[in-house]
Amino acid sequence: MGVLVLLAGQNVLAQNQKSAQAQDQKMNAFIDQLMARMTVEEKLGQMNLLPGTSATTGELKDSPLLTLIEQGKLGTVLNQKGVEGIRQLQDAAKRSRLGIPVLVGMDVIHGYETIFPIPLGMSCSWDLEAIEQAARIAAKEATADGICWTYSPMVDIALDARWGRIAEGSGEDPFLGSRIAEALVKGYQGNYGPENLMACVKHYALYGGAEAGRDYNTVDMSHIRMYNQFFPPYEAAAKAGAGSVMTSFNIVDYIPATANKWLIDDVLRKQWGWNGFVVTDYGSIGEITKHGLGDLQQASVMALKAGTDMDMCAEGFIKTLEQSLKEGKVTMAEIDQACRRVLEAKYILGLFDNPYRFLDPKRHEKDIYTLEHRQAARQLAAESFVLLKNERIKKLNNERVLPLKKQGRIALIGPMADNRINMAGTWAPTAANERYATLKETMEKALAGKATVSYAQGCNFTSDSTLQKDGGFYRQTPFKDAGLLKREALDIARDADVIVCAMGESAEMSGECSSRATLEMFDTQRELLEALLALGKPLVVLNFAGRPTVLTWENDNVPAILQVWFGGSEAGDAICDVLFGDKVPCGKLTTSMPQTTGQEPLYYNYLPTGRPVGEDLSTFSKFGSNYFDVRNDPLFPFGFGLSYTTFDYSDIRLNGRKASVTVTNTGDYDGVEIVQLYIHDVVASITRPVKELKGFQRIHLKKGESREVTFEITDDLLKFYNSSLNYVLEPGDFEIMIGPDSSLKHLKKTVLTVE
């Protein structure tokens with residue numbers, strides 16, 4: 001019977017391969033015939049990408065884009081939202097000499113109009129199925145509005161919380177980042193049906209390694225570090241079938257990524273076997289000149305020869321490559337190859353069969369911001385929140401502060417408490433902010449007839465009024481008198497039984513070009529928090545942030561802290577779900593949270609040093625690798641997150657290559673635990689990280705329930721790139737660690753010997 005099943009499977013695989021080959025042959029024949037009719041200018045036009053005229057739904061009027069499309073000088077448009085406007089783009093393409101349809105892209109980063117948590121928040125759920133579903137919903141909504149290409153996922157490993165774009169990725173770990181990258185690509189693209197769009201993996205490569213956490217800054221690292229720590233999520237996304245890749249702004253080996261042949265052609269295409277198209281980031285061909293590598297024509301030549309296929313907004317290809325061809329600086333074959341890759345993407349998306357495939361006006365009404373989508377966003381938001389602290393206090397009969405009871409008088413205070421436009425978070429250009437409820441509104445709804453809610457803004461985000469550009473660069477209501485705001489907050493807090501403070505960053509304090517030199521809570525918010533704590537009431541801080549922030553003072557003084565990131569369009573309801581115990585928090589950090597900004601960059605999978613200082617400070621020495629004014633360890637480690645219940649881990653049991661533990665829910669609530677596997681290669685040919693995440697399982701346990709969790713230690717989990725950049729498994733001892741987070745004090749340990 002087993003042989004028959006195997007043969008049947010092999011027959012299906014062979015049939016699928018034949019079908020794929022037939023489809024490729026059909027596509028190649030079509031594109032061959034099309035390109036044989038194209039002029040050089042029309043080919044360069046397909047390699048040209050320009051921004052649309054509207055990021056909101058509407059028609060184009062007298063747009064120069066329409067003329068360029070009709071002339072065959074523009075093949076792709078970004079950030080044009082709405083069926084009517086995009087229909088005009090396709091109408092213009094139809095009027096062009098060859099009728100080549102337009103590719104329309106958009107920054108659909110964490111949802112379209114149903115907004116999910118920021119990607120960093122999503123990653124803290126460790127829920128791959130839910131993350132894939134979020135991408136699938138985003139694709140369904142975007143394609144209902146005419147979009148067929150998204151500039152997501154961002155898979156950059158980010159080790160420095162000062163970097164604003166840490167909000168847009170999945171944290172500091174390459175293993176988890178790779179699994180999330182795969183889930184997002186699968187969710188967006190599916191089988192390229194009418195409700196799928198093409199993914200664009202960014203930013204290739206190493207963008208998250210910017211020095212000092214300053215956006216667009218220099219990146220410089222060894223190839224060994226690239227392959228072992230930074231490359232894995234890009235490779236995983238590429239091998240998951242991502243249709244496109246976006247180059248990064250930074251240099252790699254002192255050559256801008258957009259013009260780096262080793263990076264694009266050798267690694268991405270040859271080593272990883274990827275065959276999609278490469279697009280630049282916004283204007284990055286033009287920025288090559290600022291790196292001192294020549295003028296726009298020279299930069300365009302370098303980018304094309306490196307393997308870049310599409311020029312986003314620099315207009316270097318369309319304006320200079322025809323002259324470079326005449327001068328022999330590029331070849332027709334190089335232009336043809338780039339043009340072909342763009343045309344293949346349009347073919348795969350079905351645009352040649354029907355340019356209006358994604359322009360059904362009925363879908364806009366029935367597929368966007370639906371109840372089903374909102375419920376999925378609300379659930380994932382609740383899973384993304386990380387409970388950082390929840391102590392017992394006397395005023396609550398020695399019970400823990402959270403979950404709050406739906407009774408009494410609750411004071412809701414802070415600049416994020418009634419701030420509608422901030423709920424979606426950064427990188428949500430398609431958000432319909434007017435639709436989203438504030439925390440105040442959702443809390444009043446959740447407590448109707450059970451408890452009273454009093455609200456005061458309490459303070460501005462910061463005392464620096466210059467940050468309130470145009471009435472709210474940081475998305476705040478107009479700057480108000482600080483003294484008045486504080487008095488209002490203290491007045492309502494004195495009459496309350498419990499205080500909930502919604503504080504932290506505003507949406508645009510993280511994201512692109514939003515680097516911070518200090519990560520502590522802003523001055524006015526800290527001052528308000530000190531005054532509220534002096535009242536002696538039970539108090540909860542809801543920390544809104546697009547990055548890990550410094551909460552050392554808060555951890556020392558505040559009894560309960562819930563990290564809520566930016567939870568998206570349904571954030572208000574999701575916060576109330578967790579705050580009042582309708583859902584039990586289960587999020588775990590995917591970035592280390594520092595004790596002070598000076599520890600950055602900070603990450604758990606660091607390399608050992610010849611003067612080590614143990615996590616428990618057992619080897620602390622004046623001549624050790626340590627600070628003299630702060631411990632080395634983070635305030636909250638990678639993988640950390642509390643629950644309303646508690647979990648107990650047995651010792652590890654090894655059975656060959658299988659490592660098992662029994663996890664028991666020892667608390668009073670049903671809950672989800674994220675069981676984490678870490679491995680340390682004890683002796684190797686090169687120095688290896690002190691520990692690396694190599695597996696995880698999300699398990700739901702009812703109170704009192706136990707479950708055996710088993711990890712199989714495969715060869716691939718033990719391999720690494722050595723000094724010759726060979727991917728090897730070196731025999732020897734491997735320390736196996738399983739537990740609730742990356743802290744050694746919480747991990748069970750054993751040793752596996754591999755012959």
Side-chain angles (χ1 to χ4, degrees), residues 126 128 155 157 159 170-182 221-240 267 271-273 590 603-609 612 615 637-639 649-661 674-698 708-744 746-755:
W126 300 57
L128 299 180
V155 303
I157 295 297
L159 309 181
S170 297
E172 68 190 47
D173 182 72
F175 181 88
L176 177 60
S178 296
R179 304 293 80 76
I180 292 175
E182 293 163 346
M221 69 176 68
S222 69
H223 282 202
I224 292 179
R225 192 177 196 193
M226 292 180 198
Y227 277 89
N228 283 312
Q229 191 172 8
F230 281 76
F231 276 178
Y234 304 115
E235 181 179 7
K239 291 184 175 178
V267 177
Q271 292 181 24
W272 298 345
T590 56
Y603 47 98
Y604 84 93
N605 50 348
Y606 55 88
L607 296 174
T609 167
E615 288 185 11
F638 175 88
Y649 284 70
S650 72
D651 290 335
I652 299 174
R653 299 179 295 277
L654 273 182
N655 182 8
R657 289 283 197 94
K658 293 183 178 179
S660 302
V661 294
I674 301 169
V675 184
Q676 301 162 42
L677 167 70
Y678 296 88
I679 297 178
H680 171 225
D681 192 343
V682 179
V683 177
S685 59
I686 61 172
T687 189
R688 303 289 293 123
V690 294
K691 52 184 173 288
E692 296 177 286
L693 180 74
K694 292 296 182 178
F696 61 91
Q697 294 184 37
R698 295 182 89 255
E708 183 176 74
V709 178
T710 299
F711 296 95
E712 184 172 359
I713 313 299
T714 64
D715 284 358
D716 196 56
L717 297 184
L718 305 177
K719 287 183 176 180
F720 64 94
Y721 287 92
N722 65 14
S723 58
S724 299
L725 297 184
N726 294 320
Y727 193 51
V728 298
L729 190 166
E730 296 179 351
D733 289 344
F734 295 86
E735 194 173 16
I736 307 300
M737 297 164 274
I738 301 176
D741 59 57
S742 65
S743 174
L744 285 177
H746 295 150
L747 291 169
K748 300 295 184 178
K749 309 176 192 68
T750 191
V751 175
L752 170 68
T753 300
V754 177
E755 302 296 337

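All values below were derived from every heavy atom in this structure, side-chain atoms included, with hydrogens, water molecules and symmetry-related copies excluded. Because the structure is a prediction, the values reported are computed rather than measured.
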>> Within the structure provided, determine whether Val751 and Phe734 are in side-chain contact (heavy-atom separation under 4.5 Å).
In response: no

> Can you name the salt bridge (Lys or Arg N to Asp or Glu O under 4.0 Å) partners of Lys694, sequence neighbours left out?
Replying inline: none

>> According to side-chain contact (heavy atoms from CB on, under 4.5 Å), who are the partners of Pro637, at least two apart in sequence or on a separate chain?
In response: Pro634, Phe640, Asp741, Ser742, Ser743

> With sequence neighbours excluded, what pairs up with Tyr227 under the ring-ring contact (aromatic ring centres under 6.0 Å, His included) test?
Replying inline: Phe231, Tyr721

> Are any of the side-chain nitrogens in Asp715 or Arg657 under 4.0 Å away from the carboxylate oxygens of its partner?
Replying inline: yes

> Going by heavy atoms in the side chains, are Ser170 and Val155 under 4.5 Å from each other?
Replying inline: no

>> Tell me which pairs pass salt bridge (Lys or Arg N to Asp or Glu O under 4.0 Å) where either residue lies in residues 173-182, with sequence neighbours left out.
In response: Arg179-Glu182

> What pair of heavy atoms forms the shortest contact from Phe720 to Ser685, and how long is it?
Replying inline: CZ-OG, 4.1 Å

> What pairs with His223 under ring-ring contact (aromatic ring centres under 6.0 Å, His included), at least two apart in sequence or on another chain?
Replying inline: Trp262

Please output the side-chain donor-acceptor pairs of residues 676-683 that fall under 3.5 Å, not counting sequence neighbours, one pair per line with the distance.
unit_1 : atom_1 : unit_2 : atom_2 : d
Gln676 : OE1    : Tyr678 : OH     : 2.5
Gln676 : NE2    : Gly639 : O      : 3.1
Gln676 : NE2    : Ile674 : O      : 3.4
Gln676 : NE2    : Pro740 : O      : 2.6

> Considering residues at least two apart in sequence or located in another chain, which fulfil the side-chain contact (heavy atoms from CB on, under 4.5 Å) criterion with Ile224?
Replying inline: Ser222, Asn228, Ile686, Ser723, Leu725

> Residues two or more places apart in sequence or in another chain: which of them pass salt bridge (Lys or Arg N to Asp or Glu O under 4.0 Å) with Asp716?
Replying inline: none

>> To the nearest 0.5 Å, what is the distance between CH2 on Trp272 and NZ on Lys239?
In response: 8.5 Å

> With Arg698, which residues qualify under salt bridge (Lys or Arg N to Asp or Glu O under 4.0 Å), at least two apart?
Replying inline: Asp127, Glu383

>> Give me each pair satisfying salt bridge (Lys or Arg N to Asp or Glu O under 4.0 Å) with a member in residues 222-233, each pair once, sequence neighbours excluded.
In response: none

> Do any pairs count as a salt bridge (Lys or Arg N to Asp or Glu O under 4.0 Å) and have a residue in residues 717-739, sequence neighbours left out, and if so which ones?
Replying inline: none

> Among all residues two or more places apart in sequence or in another chain, which pass the side-chain contact (heavy atoms from CB on, under 4.5 Å) test with Asn655?
Replying inline: none

> Rounded to the nearest 0.5 Å, how far does NZ of Lys691 lie from CD1 of Ile736?
Replying inline: 14.0 Å

